[in-house]
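To keep things clear, I will list the structure first and then write my remarks on it.
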Amino acid sequence: QFPVCFQHLVESMPCSEARTRQVTGEFGHVYEQQYAVALFNSVRFEIEGGGAPQSQLLHRKNPLEDRSIFSGGLFQYLEENKRWRNRFVFVADTYNISFYENKMAHERSLRPKGTINCAGYKALTSMEEYLELINTSLPGIKAKVGSGQFVKCATQFPLILWHPYARHHYFCVLTEKEQKKWHAVLQDCVRHSNNGLSEECRVQTPAFTDAMRLHRQAQGHYGTWDMMCGGPPQILANLVMETLHPELRSLIGPRLKGKIQQRQRNWMLISAAVYKQVLSQTQAQYEALVQACEVQTSRLDTVLRTDMDQIITSKEHVSGKIRALVLPRAGQLLRGSVQPFLSSILEALMEPTSRGFSEVRDVFFRELVEVSKNTLNGGGKDKLAEHMEKISMLAFHPVKMQSCYEKVEQLNLEGLQQRFDVSSPSVFIQRAQILMREQMDNAVYTFEHLLHQSLEGKVQGGEDLCKTIHCCQDRVLKKYDYDSSTVRKKFFKEALLQIIIPYMLKQLSPSFHLDLPRFQELIFEDFSQFILVENVFEEVVLQSVTKDIMMAVKEAAVQKKHNLYRDSMILTNSDPNLHLLGENPSVDWATQFRGGNEEPEGALGGGGQSSRRRRQVVSMIQLDEMGPLPYESCLEVPGVDFIPEEGEIEEVEVKAQEPKEQKTPTEPDSPDSVQEICYHSKPAVEMMVSASEEDLAVLTNGTGTLTLEDGKEEEVTLITTVVEEMHRKSPQWMSAPQEVNEQLVETGSPYQEAGLQEKGEAAIEGKGEEDEAAIKNAIQEIEIAVQEEDGERITECAVDSDAELAPPLVDSRSSGHDDGGFQPPTNEALNEGKAQRTLVDPGEVVVVLEPGDTALHNE
């Protein structure tokens, strides 16, 4: 499949390169214009001032400093060899997902096997969801769910990262508990990556967003855009692929050959390769564009600060002319097509959002109640510090915040999306979730400082600590209610503008497209780069609808069910010294109240910080009745070539019912099922038990009960007999053959009888002392046969370490481990005379006697 994909990829390269240069060139021209406008707005805001009302809660500047989100083991599907391999996955504070060969590789700060930036991805938990999405990749080609899986998952709990253009990533876990936790983590990574551009860049961010909006509007695309996510290079790559992807699909799609799944797989490989190439081009071109604009910054800033008053006067004059032309038509459109739907849009936004913020308050309250209970039961400040260490990262714990996020995911704009050209509500859902996380962190951060201030220099018992916690809790909840109301009202206004303004621009632009250029003549040439008619036109439309939106939000605030404060209610001077606490560093509870001697739970190294440990927000997953997974494992799965077509399913079922000849496997297969994975991952206990002839039936592979030396019966599973083979020239064996023979006679070993009957029965029975030479010959034949069987068994057990899970029974004292990996026994180790362990069936063990041993013969 790769030569075919490579051929199509080479053919698509000139087309993709030309389209990338075209799109980035057009966007670059708009960006240069908007950069000067954004610089003007930034300098004007700096001079005139202004801003939102002051928040009541404190804001943490860098909440994830010295923290990591999550880490653990996942089975990852390798596209190259179609196998599942166990990887150690680490999610840093940047929310990028890095996967390593094993945990040791991460702790040594080795280069990761790969890193995923989750911007634009969707986290899925079922193959059915994934199949619905990939069926839209090629037109006219749809595979049914039962016709064959695109990727055969090794377990019943898959985790898939899907992207419309980039490479897809496949993972799986062993339990549903793991799946839920990892899915919450992956969703948080996607949510954070899609959060948008940084607001700290007062010039570059508004210049980029306005240029992107105007460029897409020139192409006829109004409204929200789901792929406005990630950094500027990623957004530019998505913009290129928006037009390039359909062209390549129509060009290459009909030429793809093979089965349905094979054609879909080949197309996704081509799409991912093209997207990677486009992303590298947009990265370089965007950096060059920003650098060219920054060269002009000092000159433009000088002009702005010198002529700011004249520029503002000129802009107001042009705005008045455009307002007189546009407002009558805009007012008519507003009254007839927007105002009747304002209340329904606002209700659809407010209901789930308010429930989500209410759930944030409840989760915060429950955590503090738990802290009070545990403190009251004993432990004092040490126990309190332990709980505060966990609560400090509550907002960034995706599992604990999942219930809050799920409330907002119920947001549905069905019936309004098509009318107002809203692609999907995901943009508003993710924005609301980010705001909820910020408010939770502000509440936790404020509570930490208030509690630390109350406890500083005081010795308090359990009841006094609970009273102090309760007092700080009440103060923080009141501040949270006020801030959450302010944040929600601002969110509702912005969401309404994002829905209504594109709709009005789409309706009004054709009417005024020819009239707007003549207003450019009213602007002085020296100020023309700071005042653009297109921007003034949008501002006029925005002003026409802002009043109605403000009135709608005010009316909604009166309703008690949404728990919104009126604008007239302002908390002033409630804590005049509180914001001075925000200037202090974050409270280190472990150092101040626990002595700093204990290692934080979930601490992980890596990330280039060898001197200190990174504390983990989400605790590691501990599976019930299951030990830690080995770090190296590779599970073979059938390739796409073995997935039947729809018409071939019946033929495959008929062939499956026909009797097949049993073939002796040359090497063990890699496990493909949950049972086999569990077999290799469960801890093994080694025991030495003396077995009688009746107990030999128990000591076989399977399940049952085993009687121990103290008389108790223990239920065990997966019993495996392990035989330690000693070197044949061992002095201990040569010095005491009598003792070995007596033990064999006393136990009546069936292996002794089997060995004599197979190879030496005819030579031993009915012979006297004169036939000693014949007996020696028979014993030599037994040794040769045993050596041949041992060699065959070693050959069968020697497999590639990348093709199987590490065996559960491995001597911890054995050498030959590199980077925590398992290396199977080799023939060289056997030739050197080292003791080896081999898993054998009890029925195949043969007792080997040294020549010259006549004790057994005499018996």
> Using a distance-only test with no angle check, is there a side-chain donor-acceptor pair under 3.5 angstrom linking S193 and Y121?
Replying inline: no
> Would you call E46-R305 a salt bridge at under 4.0 Å N-O?
Replying inline: yes
Could you tabulate the donor-acceptor pairs under 3.5 Å formed by side-chain atoms of residues 285-292, not counting sequence neighbours?
unit_1, atom_1, unit_2, atom_2, d
Q285, OE1, T24, OG1, 2.3
E287, OE2, Q283, NE2, 2.6

> Taking only residues at least two apart or on different chains, which pairs with a member in residues 525-534 satisfy side chain to side chain donor-acceptor pair (under 3.5 Å)?
Replying inline: none
> What do you reckon, is CZ of R216 surrounded by more than 12 foreign heavy atoms closer than 6.0 Å?
Replying inline: yes
>> Do the side chains of R67 and D93 get close enough for a salt bridge, i.e. N-O under 4.0 angstrom?
In response: no
> Are the ring centres of W84 and F171 closer than 6.0 Å?
Replying inline: no
> Between H168 and Y130, does a ring pair (Phe, Tyr, Trp, His ring centres under 6.0 Å) hold up when you go through it step by step?
Replying inline: CA-CA 10 Å; H168 301 173; Y130 179 65; 5.6 Å; yes
> Within the distance-only criterion (no hydrogens, no angle test), does the side chain of H183 pair as donor or acceptor with the backbone N or O of L124 below 3.5 angstrom?
Replying inline: no
> Under a 4.0 Å N-O cut-off, is there an ion pair linking R213 with E538?
Replying inline: yes
>> Is a donor from one side chain sitting under 3.5 angstrom from an acceptor on the other, for N535 and Q34?
In response: yes
>> On a heavy-atom basis, which atom in L161 and which in C118 lie closest, and how many Å separate them?
In response: CD1-SG, 4.5 Å
>> Closer than 3.5 angstrom, by distance alone: can the side chain of T20 be matched with the main-chain N or O of V278 as a donor-acceptor pair?
In response: no
>> Do Q264 and N135 pair up side chain to side chain, a donor and an acceptor below 3.5 Å, judged on atom types alone?
In response: yes
> Which residues satisfy the side-chain contact (heavy atoms from CB on, under 4.5 Å) test with S126, sequence neighbours excluded?
Replying inline: E128, E129
>> Side chains of R299 and Q296 only: does a donor on one sit below 3.5 Å from an acceptor on the other?
In response: yes
> Any donor-acceptor pair under 3.5 Å linking the side chain of N238 with the backbone of M227?
Replying inline: yes
>> As a test of understanding, state which of R167, H163, H169 forms a side chain to side chain contact (heavy atoms under 4.5 Å, CB included) with I116.
In response: H169
>> Under a 3.5 Å distance rule, please check whether Q179 uses its side chain to pair with a backbone N or O of V173 as donor and acceptor.
In response: no
Can you list, pair by pair, the side-chain donor-acceptor contacts under 3.5 Å of residues 495-511, counting residues two or more places apart and other chains?
unit_1, atom_1, unit_2, atom_2, d
S509, OG, L505, O, 2.6

>> Any donor-acceptor pair under 3.5 Å linking the side-chain atoms of Q204 with those of E294?
In response: yes
> Do you know the tightest heavy-atom contact between Y275 and A237?
Replying inline: CE1-CB, 3.9 Å
> Under the side chain to side chain donor-acceptor pair (under 3.5 Å) test, which residues partner S271, sequence neighbours left out?
Replying inline: H245
>> Whether the side chain of T205 engages the backbone of R202 through a donor-acceptor N/O pair (distance < 3.5 Å, no angle test) should be reported.
In response: no
> Side-chain donor-acceptor pair under 3.5 Å between N266 and Q262, yes or no?
Replying inline: yes
Tell me which donor-acceptor pairs under 3.5 Å the side chains of residues 425-437 have, and how far apart each pair is, sequence neighbours excluded?
unit_1, atom_1, unit_2, atom_2, d
S426, OG, D226, OD1, 3.4
S426, OG, S424, OG, 2.9
Q430, OE1, N194, ND2, 3.4
Q433, OE1, R191, NE, 2.5
Q433, NE2, Y405, O, 3.2
R437, NH1, Y95, OH, 3.3
R437, NH2, H192, ND1, 3.2

